[in-house]
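Take a look at the structure set out below.
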2 protein chains.
Amino acid sequence: MNSRQPKMKDIAQRLGVSPATVSRALSGTGLVAEPTLSRILEAADALDYRPNVSARNLRRQCSMTVLMVVRDIGNPFYLEVLKGAEAAAREAGYSVLMGNTENDPEREADYFNMLRDGNADGMVLMTGKLPSSRFKLDKLPVVVALERIEGSAFPHVEIDNAAAASEAVHHLLSLGHRRIAHIAGPRGEPMAEARHKGYEQAMRKAGLEIPPGYEQQGDYLLQGGRDGCRALLSLVDRPSAIFCANDEMAFGAIHELRRSGLDVPRDVSVVGFDDIYLSQAMFPPLTTVSQPRADIGRKAMTVLLDIIAGGKPADMRVMMPTTLMLRESTAPQQEIETPRGNEI
Amino acid sequence: MNSRQPKMKDIAQRLGVSPATVSRALSGTGLVAEPTLSRILEAADALDYRPNVSARNLRRQCSMTVLMVVRDIGNPFYLEVLKGAEAAAREAGYSVLMGNTENDPEREADYFNMLRDGNADGMVLMTGKLPSSRFKLDKLPVVVALERIEGSAFPHVEIDNAAAASEAVHHLLSLGHRRIAHIAGPRGEPMAEARHKGYEQAMRKAGLEIPPGYEQQGDYLLQGGRDGCRALLSLVDRPSAIFCANDEMAFGAIHELRRSGLDVPRDVSVVGFDDIYLSQAMFPPLTTVSQPRADIGRKAMTVLLDIIAGGKPADMRVMMPTTLMLRESTAPQQEIETPRGNEI
DNA sequence: TTGAAAGCGTTACCAG
DNA sequence: CTGGTAACGCTTTCAA
C-alpha cells in the first residue's frame with residue numbers, strides 16, 4: 001500500500017545514481033552522459049515510472065492546464081471550437097479544464113481566480129464580458145475566442161461578423177431580393193450587433209431603404225426565430241428574404257413560414273449564420289455562414305500557448321475566414337407565384 | 001515579483017501563530033479555538049489568500065479533478081451529459097478535465113494512466129471499450145455512462161436501449177404499421193446491438209416476420225441513414241415505417257425519402273433515437289426516443305464521487321428512464337395514397 | 001557530467 | 001487546542 005508508484009528516488013537507488021540525474025535524464029535536458037542516460041530510460045520503462053504531476057507543478061510553479069470557459073457548455077456551437085482547442089493543447093502537453101459560467105459573473109470571476117492562483121496556466125475565454133475585479137486582469141494569459149470583449153487588452157481570435165453578414169445579404173441581393181429582413185441576436189451582444197451592422201451596411205450599399213419592422217429583435221433561440229418571423233409576416237409588405245443572426249433562429253423562422261403555408265425557398269428565402277451541426281440536414285438544407293470553428297479553437301489555443309511560453313502574440317486580432325454555404329433555403333426572388341420552386 | 005501570492009506562512013507570521021494552525025483554521029476542521037479562528041479567517045480574507053492547489057494535492061495525494069472521457073467531443077450528443085456532470089462535480093468542489101479519445105486506444109490508455117498516476121481522482125467513461133492493459137483497471141474509480149462495457153466491473157449509468165427501442169417500434173405498430181424496417185448502428189457496438197435487439201423483439205412479439213433486407217447496417221451518420229434508406233426503397237415490398245438507431249441517421253433517411261418524392265410521414269413514418277439538439281426543429285419534427293442526458297451525466301458523477309469518497313455504489317447498474325417523444329414524423333399507416341397527410 | 005541539498009506550499013503527525 | 005517538524009515528489013541551483 002505504501003510504495004506503489006515508483007518514484008525517481010527508486011530509479012536512482014536501483015541504478016546507484018542521484019535523483020537529480022534521473023530527473024535530468026527524464027526531462028530530456030541533454031545533460032546526461034550516454035552510459036547513464038539509456039540505463040535510466042530503460043529502468044524507468046521497466047518500472048513503468050510516471051512522474052507525479054502535482055509535485056512537478058508545485059516545483060515548476062505551473063499547472064500544464066488551460067481553461068476553456070464558455071457561457072453554456074450545452075450549446076453545440078462551442079463543440080468544434082473545444083475540439084480544435086483540445087487537440088492543440090494536447091499536442092503541446094497541456095490538459096484542458098472545462099469551465100461553464102451559465103452567465104454567472106461569480107463563476108466567471110472564479111475562473112479568473114484559478115488563473116491568478118496558478119491552478120491554470122492560461123484561459124481561452126468565450127464569454128462576452130469580463131467580471132469586475134479589483135485586480136488588473138489584463139496581464140493574465142487569456143485569449144478571447146469567437147466573442148469580442150470591448151476594452152480588454154486580450155488578444156482576440158474571431159471572425160469578421162459584419163463582413164460575413166454583409167456577404168450573406170449580398171447573396172440575397174444577387175438573387176434579386178430587395179425586401180430583405182433581419183432577425184437579430186440579443187441587443188448589446190457585440191457579435192449580434194456586428195451581424196446587424198453588416199446587414200444594414202449591405203442594404204445601404206445596395207441603395208435600399210430598410211422598411212419599418214424589417215429589423216426584428218431576437219435572442220438566438222428557436223422561439224425567437226419563430227416570433228420574429230411571425231412579426232415579419234404580419235407586415236403589409238412582407239419580406240421575400242430573411243437573414244437570421246444565427247441558424248437556430250433560422251430554423252425557427254422556417255418553421256413559422258411553413259406553418260403559415262409558405263414554402264422555403266420558393267416564397268421566402270432564409271439565410272442563417274454559424275452552420276451548426278446538422279444545418280445541412282435540415283429541410284431545406286440551410287444556406288448559412290460557416291465559421292471554421294475547429295480552426296478558431298486551434299488558433300486561439302496556439303496564441304495562448306505562445307503567450308504562456310512568454311512570447312508576445314503576433315496579432316492582437318486574428319480574423320479567421322468565413323464561408324457562405326450555398327444550400328437550398330435560398331432561391332431567386334419571384335414576385336408572382338410560380339408553379340414550382342427550385343427544389344432539386 | 002517574488003512574494004506575490006500570500007501563503008499560509010504569511011498569515012501565520014502576521015498573526016504570530018503557526019502555519020499549522022492557519023492550515024487547520026482554513027480547512028475547516030473544528031480544531032481551532034475561537035479567538036484565533038476568526039483572526040485567521042479575517043487575515044486570509046484581507047490578504048486575499050488563496051491556497052496553492054498543487055501543494056495541497058501533492059500533500060493530500062489527490063487532485064480534486066475528474067476526467068470526462070468521450071470518443072468524440074465534437075458530437076453534440078455528449079453535451080448535455082457533460083453539462084450535468086460538470087454541474088455535479090462543481091458542486092462538490094471538483095474540476096472537470098476533458099478527454100477526447102477519437103477512438104484511439106492509445107489515448108484511452110493515457111487517460112487511464114492519468115488516473116493511476118493520481119492526476120485525476122476519478123473518471124466518467126463514455127467510450128465503448130477498455131484499453132488493453134497489463135494492470136487491473138477494475139479497481140480504479142471509474143463510472144461508465146451511456147455506453148456499456150461488457151465484462152468490466154465498473155458501475156454503469158445507462159438507459160435500457162432495448163426496451164426503449166421496443167417502445168419506439170410499438171408506437172409504429174400501434175399506428176397500424178406492419179412493414180417496419182430498421183437502420184442499425186455500427187455492428188458490434190453494444191448500444192447499437194441493444195437497440196437492434198429491441199426492434200427484433202418488438203417485431204417478434206407482434207408476430208411479425210422481418211422481411212429480408214429490412215435490417216440495414218448503418219454507422220450513426222447522416223450518410224449512413226441515406227444509404228440505408230436508399231437500400232430499403234429499392235426493395236420490392238418497401239417499408240411503411242423506418243426505425244433508425246439514432247437521430248442523425250433518421251435525418252439522413254428523411255432526406256432520402258424526400259429526394260425520392262416520398263412524404264414523411266404521409267408515405268413513410270420515421271422514428272429516431274436520442275432526441276438530439278434541434279431534433280424538434282427538423283422538418284418534420286422528429287418522433288424519437290429522448291434520453292435524460294443531463295440527468296445521466298449528473299447521476300454518473302454522483303456515483304463517481306461516492307466511490308471516490310470511499311463508498312461502494314448502491315447500484316452497479318443504474319437505469320435512467322427514457323421518453324418517447326411523439327412528434328410529426330410518424331403517422332398512421334395508409335395502404336392507399338390519401339389526398340392529404342395528417343400535417344397540422 | 002554528476003551529486004548534494006534546498007526548497008515549492010501544504011498538511012499531518014506528535015508533543016506539549 | 002496549538003506549535004514544531006517532517007514529509008509529499010520533483011527540480012534546480014551550486015559545487016565538485
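Here is the naming used below: chain letters follow the sequence lines, and residue numbers restart at 1 for every chain.
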For B:N161, which residues count as a side chain to side chain contact (heavy atoms under 4.5 Å, CB included) partner, sequence neighbours excluded?
B:I159, B:M191, B:A194, B:R195, B:F273
Any side-chain donor-acceptor pair under 3.5 Å between A:N119 and A:S63?
no
Extract, from 5' to 3' on DNA chain C, the first and final nucleotides lying under 4.0 angstrom from some heavy atom of chain B.
C:dG9 to C:dC13
Net bend of the helix from C:dT1-D:dA16 to C:dG16-D:dC1, end axes of five pairs each, nearest 10 degrees:
40°
How would you list, by chain and number, every residue that makes a side-chain hydrogen bond (donor to acceptor under 3.5 Å, both in side chains) with B:N52, sequence neighbours excluded?
none
Could you pull out all residues at least two apart from A:D295 that satisfy salt bridge (charged side-chain N to carboxylate O under 4.0 Å, His left out)?
none
Checking A:R90 now: which residues fulfil salt bridge (charged side-chain N to carboxylate O under 4.0 Å, His left out) with it, not counting sequence neighbours?
B:D110
Can you list everything that forms a side-chain hydrogen bond (donor to acceptor under 3.5 Å, both in side chains) with B:Y49? Sequence neighbours excluded, please.
none
With sequence neighbours excluded, tell me which residues meet salt bridge (charged side-chain N to carboxylate O under 4.0 Å, His left out) with A:D104.
none
According to salt bridge (charged side-chain N to carboxylate O under 4.0 Å, His left out), who are the partners of A:K299, at least two apart in sequence or on a separate chain?
none
Please enumerate all residues that pass side-chain hydrogen bond (donor to acceptor under 3.5 Å, both in side chains) together with A:D306, with sequence neighbours excluded.
none
Please encode protein proximity along nucleotides 8-16 of chain D as a string of B, S and -, counting only heavy-atom distances under 4.0 Å.
BBBBBB---
Report, one line per pair, each donor and acceptor closer than 3.5 Å where one atom sits in a side chain of residues 142-154 of chain B; sequence neighbours left out.
unit_1	atom_1	unit_2	atom_2	d
B:E147	OE1	B:R71	NH2	2.8
B:E147	OE2	B:R71	NH2	3.0
B:R148	NE	B:E158	OE1	3.3
B:R148	NH2	B:E158	OE1	3.4
B:R148	NH2	B:E158	OE2	2.4
B:S152	OG	B:I149	O	3.1

